[in-house]
Amino acid sequence: MTDRVGDETVEYVSALAQLELSEEEKAAAGRDMGRMLDYIGKLNELDTTGVQPMFHVLPMQNVFREDVVTNEDGNAAALQNAPEKQDGMFAAPKSFD
Amino acid sequence: MEERELLGLSAVELGRAIRERKTTAVQAVEAVLAQIMRTEALYHCYVTVDREGALQRAESVQKRIDTGELTDPLAGVPVALKDNLCTEGMLTTCASEMLGNFVPTYSAEAVRKLEASGAVVVGKTNMDEFAMGSTTETSAYGATRNPHNADHVPGGSSGGSAAAVAAAECFFALGSDTGGSVRQPASHCGVVGMKPTYGTVSRYGLIAYASSMDQIGPLTKNVEDCAAVLEVIASHDPKDSTSVKRGDTDFTAALKRDVRGLRIGLPKDYFGEGLDASVREAVLKAAELLRCAGALVEEFDLSLVEYAVPAYYTIASAEASSNLERFDGVKYGRRAGDAENLRQMYRRSRAQGFGAEVKRRIMLGSFVLSAGYYDAYYLRALKVKAMIREAFDRAFARYDCILGPVAPTTAPRIGESLANPMKMYLGDIYTISANLAGLPGISIPCGKDGRGLPIGLQFTGDCFQEKKLIRAAYTCEQLLREGR
C-alpha cells in the first residue's frame, strides 16, 4: 500500500464527504489517509475465506409497527433549530440545476 | 447534613439519605453547584451547567418524594450527562462548533428514564467532538483536566463525565461508549464505568457516532451505584430498533461478595509489550486477590487482538461518515453564511463546523465505503469483526469473564496525544473488542501509579452477562479496599 493517498483521491473523497478543504488540509488528508489505510491494511494478513461479514452483533430482524400516526404535529418543533425557515419549511440556498 | 459529608456520599447512599430525610434534593444540588463553583474553572468538566433548572427540578422532585409519589433509589440525586445525549430545552453540542447553538426538542430515552426515577440533571459534560477521541482534547470548547492531576487528561471521549464524578461535581454521570469511551476515562479518573451489552440501553436521543457499537453507560463512584443506574436506564424501547427486550435487568441483585468458582481468563496478549509496568502490576495483584477469594484465574490465548483496532477504526469511521451526513447546515446547527448555492453551503458548513479529527474519520469512512474499496476495506473489517466475536465465544465457553487492563498507560499529559493519532488509537486496544463484539464490560479502579494517577482494571463478559460482571467487580472492589 502506498504511504500517501493521491490528490485525485483526496478530491474524490472530499466530494463524497461534502467537505470543502483548504490546500493544507488536502495535503494533510492525503498523508493521514495514507497512514490509516496502511495500518488498516493489516487486516489483509487474515484469511477471511468463508467468513460472513457481521453487520450486527445480535441476531436482529427489521422491527415493524402498524402504519398509524401516533404523534402530534411536529412542524414547530422540527423547525425550532432551523438556521432559516419560511412558511413552515426549511429555507436553503438554491442548488445548481 | 454538612456539605463535605454530603458530597462524599455515593449516589445510592444519597438517595437513601434523602428518603430518610437526612438531607434533601435541593441541598444535594446546592452542594454540587458549590463544588462546581470551587473546581470547575480548573477541571472544565461541563459544557453547560443549568443552575436554575437544576434547582427547580430538585424542588419539584423533592415535592414528589415528600408525597410518596417518588420512591426510586436515585430520586433526588444530581446527575451529569455527556453532551451527546439530547436534553429537551438544554443546549446539546457534542462538543462541536457544528452544534454550538443546538437545543433539542426532546430528551434521549435514557435521560427520560433517569428523570422519571427522580434523578436531577445538573448539566452537560465535555467530551471529544462527536465522541471521536480518547482524551477529551478534540472538544471544540477546550480540554477537561484530570481531577487527580490537572496536567493530565481525563481520558475520553466521556472525559467530562468521568472527571465530574471524580471531582464530586455530580453524584453520577452518563457517558457513551463506542470504543471504550466510558470505561477508559473511568480508569483514568479512578471511577467506575460500564458499557452494557449492545442493545441494553436505548440509543434514542444519543447523537450517533457508530450505530452498531454505541452504547450509553454509567460513570459512578462505586459498583453499587453503577448497577443501580444501569437498572434505571436499561429498557426495551420501540423507538430504537436495535433495542433488545431483556428480562433480567435487576442488576442490583448481582451485588454479592462472592467469586468462588468464578472462572476468570487473563488474555496473554493483553499483558505483553506496550503495557505499563505499574498497570500490569496493579491488575495482576487484583487477579491474585480474586484467586485467593476462590476464583479460578487462568491465562489463555484470546487471539486476533492486534486486528481489533484496525477493524474498529474502519467500521467506526464508515458508520460515522454516514451518521454525520445529517449535519449539512439545513435543519439545525451551523450554517455557513457565505455560500452561493446548496452544495457549497453543505461543504462549507461542514468544513467550518467540524474539527480536524472528525474530518479525518469522515474522510476515511467515506473512502472505505466508496465503490471499488467497499469490499477490500469495509466488508473485510466486518468479517474480521465476526472472527473476533467467534474468538470471544470460544473464550466464554471456558470462562465466566475476562480480566484485563483498561488502557496501556495511566492518563497521558495534556497536549501529548493529538500529535500522534495512531498511537492514540492503539491505546484503545483493551476496550475496543467489547464494542466490536457487542459485549458488556466494566472498569473499576485498582490502584495508582507512581505519580498518583489512577489505574483501572476491566471485566468483560459474554452478551447479557452483566450480572456476572457486577458480581466480579463488586467483589474485587471490596477485596481491593480490604487489601489496602
Side-chain angles (χ1 to χ4, degrees), chain A residues 5 9-10 12-22 25 28-30 32-33 35-58 60-65 70 74 76-85 90-97, chain B residues 101-106 198-199 212 238 241-242 244 304 306-307 310-311 313-314 321 325 328-335 339-348 350-351 354 359-360 362-368 370 377 379-387 389 421-422 436-438 463:
Chain A
V5 157
T9 307
V10 172
Y12 172 62
V13 174
S14 75
L16 286 177
Q18 301 278 22
L19 285 171
E20 186 182 81
L21 299 178
S22 69
E25 280 177 320
D32 287 340
M33 274 177 59
R35 248 188 306 236
M36 269 313 282
L37 290 170
D38 215 34
Y39 176 58
I40 285 171
K42 194 172 171 55
L43 298 180
N44 293 319
E45 290 173 13
L46 290 171
D47 179 9
T48 57
T49 333
V51 180
Q52 289 304 307
M54 184 180 227
F55 292 96
H56 291 293
V57 293
L58 303 171
M60 282 176 179
Q61 310 278 7
N62 282 324
V63 177
F64 295 105
R65 65 178 177 91
T70 53
L79 289 171
Q80 203 152 292
N81 285 286
E84 236 182 278
K85 53 192 170 205
F90 295 102
K94 263 186 349 183
S95 56
F96 260 141
D97 39 35
Chain B
N101 60 356
F102 178 64
V103 179
T105 55
Y106 70 99
Y198 183 80
S212 74
S241 63
T242 60
V244 167
L304 300 176
E306 69 209 274
Y307 301 104
Y313 276 98
T314 309
S321 74
E325 276 178 6
D328 57 12
V330 175
K331 307 171 289 293
Y332 38 61
R334 185 195 196 88
R335 173 184 290 196
E340 284 163 16
N341 57 59
L342 188 64
R343 187 135 299 222
Q344 199 174 72
M345 187 198 80
Y346 289 159
R347 298 187 57 151
R348 212 164 271 182
R350 289 161 65 79
F354 291 142
K359 284 181 191 166
R360 203 174 280 137
I362 289 175
M363 294 278 283
L364 181 68
S366 304
F367 181 84
V368 304
S370 64
Y377 288 102
L379 222 51
R380 171 166 277 272
L382 290 182
K383 291 179 181 179
V384 174
K385 175 173 150 125
M387 291 168 71
R389 173 57 184 267
M422 289 279 333
L436 282 169
C463 286

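A note on names: the letters A, B, ... follow the listed sequences, proteins ahead of strands, and every chain is numbered from 1.
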Identify which part of B/Leu436 has an atom lying under 4.5 Å from any heavy atom of chain A, answering side chain, backbone, both or neither. backbone
By ring pair (Phe, Tyr, Trp, His ring centres under 6.0 Å), which residues pair with B/Tyr106, not counting sequence neighbours? B/Tyr204
Looking only at A/His56, A/Met36, A/Glu25, A/Gln80, most heavy-atom pairs under 4.5 Å shared with chain B are made by A/Met36
Which atoms form the tightest heavy-atom contact between B/Tyr307 and A/Lys42, and what is the distance? CE2-O, 3.5 Å
Proximal component of B/Gln344, with respect to chain A [non-hydrogen, under 4.5 Å]: side chain
So, the side chain of B/Arg380 versus the backbone of A/Thr48: is there a donor-acceptor pair under 3.5 Å, distance only? no
Given that the side chain runs from C-beta out, which part of A/Gln52 has a heavy atom under 4.5 Å from chain B: side chain, backbone, both or neither? backbone
Between the main-chain N or O of B/Val103 and the side-chain N or O of A/Asn81, is there a donor-acceptor pair closer than 3.5 Å? yes
What's the shortest heavy-atom distance between A/Pro83 and B/Gly333, and which atoms? CG-O, 3.7 Å
Whatever's closer than 4.5 Å to a heavy atom in chain A on B/Met345 counts as side chain
Heavy-atom cut-off 4.5 Å, strictly under: side chain, backbone, both or neither for B/Thr314 against chain A? both
Residues in side chain to side chain contact (heavy atoms under 4.5 Å, CB included) contact with A/Glu84, at least two apart in sequence or another chain: A/Ala91, B/Arg335
Chain B contact via A/Thr9 - side chain, backbone, both or neither, heavy atoms under 4.5 Å: side chain
Side chain, backbone, both or neither: which part of B/Asp328 has a heavy atom under 4.5 Å from chain A? neither
Top contributor to chain A interface from B/Gly199, B/Ala311, B/Pro421 [non-hydrogen pairs under 4.5 Å]: B/Ala311
Do you know which two heavy atoms are closest between B/Thr242 and A/Met60, and how far apart they sit? O-CE, 3.5 Å
